[in-house]
Amino acid sequence: MISLLQKRPWVIAVLLGLTFASGALGQSQPGSTMAADGRISAALQQVSAERIRANIEKLASFGTRLTLSAQDPAAIAAGRGIGAAREWIKSEFERYAKDCSGCLEVKTDSFTEPAADRIPQPTEITNVYAVLKGTDAENAKRIVLVTGHYDSRPSDTLDVKADAPGANDDGSGTAVSLECARVLSKLKFPTTIIFLTVGGEEQGLNGSRHFAKMAKEQGWNLEAVLNNDIVGGDKSAEQDHSVVRVFSEGLPASATEQEIRRIRGLGGENDSGSRQLARYIADVGHTYNAGVKPELVFRLDRYLRGGDHSAFNQQGFSAVRFTEFREDFHHQHQNVRTENGIEYGDLAKFVDFDYVAQVARLNAATLASLAAAPAPPADVHLLTKDLENDSTLTWEPSPGGRVAEYEVLWRATTSPEWEHVQKVGGVTRATLKLSKDNVIFAVRAVDAEGHRSLPVVPVPER
């Protein structure tokens, strides 16, 4: 028996069993993987590396997309500068909307950014996005979002004359947003999906900061943000094209001092909403064969660096960043040139378009899975009034009326991903014969077709 338990830790949970509020006894299953949806699987096959290639090459053809570059009518007509890129992106979204009989609402979010370190004078910045409205009146208020920044930069962030093709950084992320819009707009979901491209990232996350603040001020129920930045799979010899890194914050940037004290007291530093989103992406990666595996990196971003997802984190939204496994800094933030036999510059020829397509499939699968799922359960609590070794969880029904049942998840406190799952039916209370001292719990909602919500970690109730 000891040998079996050492090799199969989940057997312990099966032997322990589970007691529900109704008094029934159940058994846990190892892992937390969701079932594949055939409709989503079919849609992923429509993602095209050739279309992604065409989009990235088109974005690179504008010469520079520096936020400070020209955006007057003459420059737009000449096809150079960020204004021309903006108008082309908008026209692409409009073309997809026409192909789906107007299912996409194409919008712009323009504002004037005041002078700052990387903005010598007040500058107009425009975010371009398309909205696939949810089909269910109540669930359409829920939103999931994919984004990439369409601006680029040369070596000097103030150099408006130098070429800055920005094929990988971040033509690749923009292409992911565009391709997800093209493919997913052919389907219908109860939840709303936004396909976003932002400006001003290289000057200081200006576009994403403005958009995230707008979402917060308008009270959007923004459940998940997927930021794709440098997902081109640069063709360096050391690149690993089998994985894509997924970065997520630990302590929430928006947490109050009181909330931080509670998180530390409970050992919840690894269970922010963004970490739950990252784990969900890992689950999606197990379920759908996108061709690339998500590698979870439990830090906000690359070491001492940042990206657009952090602007959403600061407003309290769950957001993660997708980035290729190994960046080539010769091809990033560099003027196009050759020195000592080394080619510098972010050119399309260094991008692996098949890799970008795989990352797009992973994003599309995540967006579709979330948009098809019911809302997460509300007010999830772990009862702590009495000292006991059993653990009782309670929650309010998931809003939106699409839930068929709930599942309780748990994992060892040292485990990066959920290890066990137990179906508990349509109840809103479950007692598990597991000590709350030894594991981390969560609850998620499941609809009749098996679509699963983001998991919610309980807070203590005395």
key: Working for side chain to side chain donor-acceptor pair (under 3.5 Å), residues Glu324 and Asn168   = CA-CA 10 Å; Glu324 65 190 25; Asn168 193 355; 3.1 Å; yes

query = When you look at Glu87 and Lys90, which way does the salt bridge (Lys or Arg N to Asp or Glu O under 4.0 Å) test go after all the steps?
reply = CA-CA 5 Å; Glu87 294 303 309; Lys90 184 171 178 285; 5.3 Å; no

Heavy-atom side-chain proximity of [X] to [Y] below 4.5 angstrom:
X: Phe350; Y: Glu343; value: yes
X: Arg321; Y: Arg302; value: yes
X: Asp109; Y: Leu196; value: no
X: Ser274; Y: Ser318; value: yes
X: Arg299; Y: Phe247; value: yes
X: His331; Y: Leu347; value: no
X: Arg118; Y: Asn206; value: no
X: Arg80; Y: Phe62; value: no

Sidechain-backbone polar pair: [X] side chain, [Y] backbone, donor-acceptor under 3.5 Å:
X: Thr174; Y: His149; value: yes
X: Asp151; Y: Glu201; value: yes
X: Asn127; Y: Gly207; value: yes
X: Glu113; Y: Gly200; value: no
X: Asp301; Y: Gly307; value: yes
X: Arg337; Y: Gly345; value: no
X: Ser177; Y: Phe195; value: no
X: Arg53; Y: Val351; value: no
X: Tyr288; Y: Asp37; value: yes
X: Gln239; Y: Asp234; value: yes

ask   = Under the criterion side-chain contact (heavy atoms from CB on, under 4.5 Å), which of Thr192, Leu226, Leu367, Leu222 is the partner of Leu145?
value = Leu222

message = My understanding is that only one of Val446, Val403, Thr191 makes a side-chain contact (heavy atoms from CB on, under 4.5 Å) with Pro374; could you say which?
response =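 The single option meeting the side-chain contact (heavy atoms from CB on, under 4.5 Å) with Pro374 is Val403.
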
query = Can the positive tip of Arg182 be found less than 6.0 Å from the middle of the six-membered ring of Tyr96, inside 45° of the ring normal?
reply =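 The answer is no, since Arg182 fails at least one limit relative to Tyr96.
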
ask   = Does the cation-pi check pass for Arg209 over Phe111, that is, NZ or CZ under 6.0 Å from the six-membered ring centre and within 45° of its axis?
value = no

Over 12 foreign heavy atoms within 6.0 Å of [atom1], [X]:
X: Asp72; atom1: CG; answer: yes
X: Gln218; atom1: CD; answer: yes
X: Lys107; atom1: NZ; answer: no

Which atoms form the tightest heavy-atom contact between [X] and [Y], and what is the distance?
X: Thr64; Y: Ala162; answer: CB-O, 3.6 Å
X: Gly250; Y: Ser272; answer: O-CB, 3.0 Å
X: Gln334; Y: Phe329; answer: CG-O, 3.5 Å
X: Ile56; Y: Ala175; answer: CG1-CB, 3.7 Å
X: Ala164; Y: Pro154; answer: CB-N, 3.6 Å
X: Ile440; Y: Trp418; answer: O-CZ3, 3.3 Å

key: Phe189/Leu370 under side-chain contact (heavy atoms from CB on, under 4.5 Å): CA gap, chis, key distance, verdict   = CA-CA 9 Å; Phe189 301 95; Leu370 288 167; over 6 Å; no

Please determine whether a side-chain nitrogen of the Lys or Arg among [X] and [Y] lies less than 4.0 Å from a carboxylate oxygen of the Asp or Glu.
X: Glu417; Y: Arg279; answer: no
X: Asp169; Y: Arg65; answer: no
X: Lys58; Y: Glu92; answer: no
X: Glu327; Y: Arg305; answer: yes

Approximate separation, where rounding is to 0.5 Å, of [X] [atom1] and [Y] [atom2]:
X: Gln203; Y: Thr67; atom1: CD; atom2: OG1; answer: 4.5 Å
X: Ser208; Y: Gln314; atom1: OG; atom2: CD; answer: 8.5 Å
X: Lys133; Y: Ile194; atom1: NZ; atom2: CD1; answer: 9.0 Å
X: Glu179; Y: Ser48; atom1: CD; atom2: OG; answer: 6.0 Å
X: His333; Y: Arg153; atom1: NE2; atom2: CZ; answer: 5.0 Å
X: Lys235; Y: Phe353; atom1: NZ; atom2: CZ; answer: 6.5 Å

request  = Under the side chain to side chain donor-acceptor pair (under 3.5 Å) rule, what do Arg275 and Ser248 come out as? Steps first, then yes or no, please.
outcome  = CA-CA 6 Å; Arg275 289 279 157 87; Ser248 59; 2.9 Å; yes

key: From CA spacing to verdict: side chain to side chain donor-acceptor pair (under 3.5 Å), Ser236, Asp328   = CA-CA 7 Å; Ser236 59; Asp328 189 328; 4.7 Å; no

ask   = Is there a donor-acceptor contact under 3.5 Å linking the side chains of Asp271 and Gln276?
value = yes

ask   = Stepwise, does the side-chain contact (heavy atoms from CB on, under 4.5 Å) test hold for Asn335 with Tyr344?
value = CA-CA 7 Å; Asn335 282 8; Tyr344 293 87; over 6 Å; no

inquiry  = Show me the pairs that pass disulfide (SG to SG under 2.5 Å) and involve residues 162-265, at least two apart or across chains.
reply    =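 Sorted pair list comes back empty.
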
ask   = Yes or no on ring-ring contact (aromatic ring centres under 6.0 Å, His included) for Phe211 and Trp220, after CA distance, side-chain angles and deciding distance?
value = CA-CA 11 Å; Phe211 197 90; Trp220 291 9; 5.6 Å; yes

inquiry  = Classify the ring geometry of His241 against Tyr355: parallel below 30°, tilted from 30° to 60°, perpendicular beyond 60°.
reply    = perpendicular

task = For side-chain contact (heavy atoms from CB on, under 4.5 Å), just list the numbers for Lys213 and Gln315, CA-CA rounded to whole Å, side-chain angles, deciding distance to a tenth of an Å, and then say yes or no.
result = CA-CA 7 Å; Lys213 186 177 180 181; Gln315 295 299 329; 4.2 Å; yes

